[in-house]
Number of protein chains: 2
Amino acid sequence: MKIEQFVAQSEGEWKSMRSSHSLAFQQFEQVISRIKIKLLNTNDSKVLDLLYESNYSEMEVVMPFSIEWEAESDWSEEEELGDKATSGSSIFVPIPSSSEEGVILRNLGYAESIQAKSNYHFMPNDSLMLNTEYEKTIAEEQIWFASKNVRFRSSVVRISGTEGVLQASFASEIKQNILQT
Amino acid sequence: MKIEQFVAQSEGEWKSMRSSHSLAFQQFEQVISRIKIKLLNTNDSKVLDLLYESNYSEMEVVMPFSIEWEAESDWSEEEELGDKATSGSSIFVPIPSSSEEGVILRNLGYAESIQAKSNYHFMPNDSLMLNTEYEKTIAEEQIWFASKNVRFRSSVVRISGTEGVLQASFASEIKQNILQT
């Protein structure tokens, strides 16, 4: 089960350098943040809450986890871009349909701050591909490990029903030695 | 032959937003540049020069091309990082071994400014993966189209023989309407 290995390898504290490109306005944004990825119990109330309104059962869930993030600094070129939350957290509930693919329920989406369901699959090189349809946008994310302690994440956000790309971003993430709780 | 479609779709003038992450120093660099991708004849002297010292023949070459780039602006955080050439050009000579993979000869590498040979293959989602071994480093590049006029490029540079990652970069490229020669 690849999603198990992927989540196990992701668990811990990461330092993230993220660059975002706004394609229409040719604006850059860059942020350093700390990210904590923690495993949750399948019967955690936050996991059960997400399942409650879905068609999935607790039995199908594999290694649910939470991600907490906190921005350390932001060298945004334009102050107006700085209106994003500088900290937050989200719950992720993977539900595999095979060893290579499945869905992940999230209580807080990436492109829009709403509950979301992502389809995922693994590429031959073990990159995790995530596709999430929101109300107005579609996010395509790719996450891959360069080594045990370095992972990369690219995200492309499109306008639903068009080929138009709103924003792309890329994060380099380095694992910190000890998970500080 | 996927490389033919890929090169054909890449031909033209692109505006590129590129962000680089220096992992060891947690430094960002961002550059806007213009990129011109032009098809070359197989019997162009620059193509023949590259073939001359290789084990490949003119008959094996498919759609050679040149890339010229010119930086428009650079908001590098650190002036010391700004020692890279702000313009340049390179010749690319694809030599497929099957419809999905092969090698690309370059007269100027990405990670090191030396002649280089990249192995390439296409992923199931048509992303082009390039792997280039230089003298001291290995570059892993991924290039994919989000639409006819938008492509993305991620690059990870490692130290040869280690898992250490020196630098990662990500470029968002938007096709300009007319190829200005």
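As the structure is a prediction and not an experimental result, all values here were calculated from the model. So you know, we letter chains A, B, ... as the sequences are listed, proteins then strands, and number each from 1.
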Practice task
Counting only heavy atoms closer than 4.5 Å, note whether A:Asn149 contacts chain B via side chain, backbone, both or neither.
Solution key: neither
Problem - Taking every non-hydrogen atom, the tightest pair across A:Phe28 and B:Met17 - result: CZ-CB, 3.7 Å
Problem - Same apolar cluster (I L V M F W Y, side chains within < 4.5 Å links), A:Val93/A:Leu48 - result: yes
Practice task
Would you mind checking which part of B:Leu23 comes under 4.5 Å of any heavy atom in chain A, side chain (CB onward), backbone (N, CA, C, O), both or neither?
Solution key: both
Handout entry: Atom CD of A:Glu133 with >12 non-hydrogen neighbours under 6.0 angstrom
Key = no
Problem - A:Glu140, part contacting chain B, at a heavy-atom distance under 4.5 Å - result: neither
Handout entry: Part of B:Ser154 lying under 4.5 Å from any heavy atom of chain A
Key = side chain
Problem - Smallest separation among heavy atoms of A:His21 and B:Ser19, with atom names - result: NE2-OG, 2.8 Å
Handout entry: Hphob cluster co-occupancy, A:Phe6 + A:Ile91, side-chain heavy atoms under 4.5 angstrom
Key = no
Fill in the blank from the handout: What one should report as the nearest heavy-atom pair of A:Val165 and B:Val150 is CG2-CG1, 4.2 Å
Practice task
Check the hydrophobic clustering (I, L, V, M, F, W, Y; side-chain heavy atoms under 4.5 Å; chains of links allowed) and say if A:Trp14 and A:Phe65 are grouped together.
Solution key: yes
Fill in the blank from the handout: Of all heavy-atom pairs linking A:Arg158 and B:Ala146, the shortest is NH2-O, 2.7 Å
Handout entry: Minimum heavy-atom distance between B:Ala168 and A:Phe170, given as atom pair plus value
Key = CB-CE2, 3.8 Å
Exercise for the section: Output the option from A:Gly164, A:Ser127, A:Pro124 having the highest count of non-hydrogen pairs under 4.5 Å with chain B. Expected result: A:Pro124
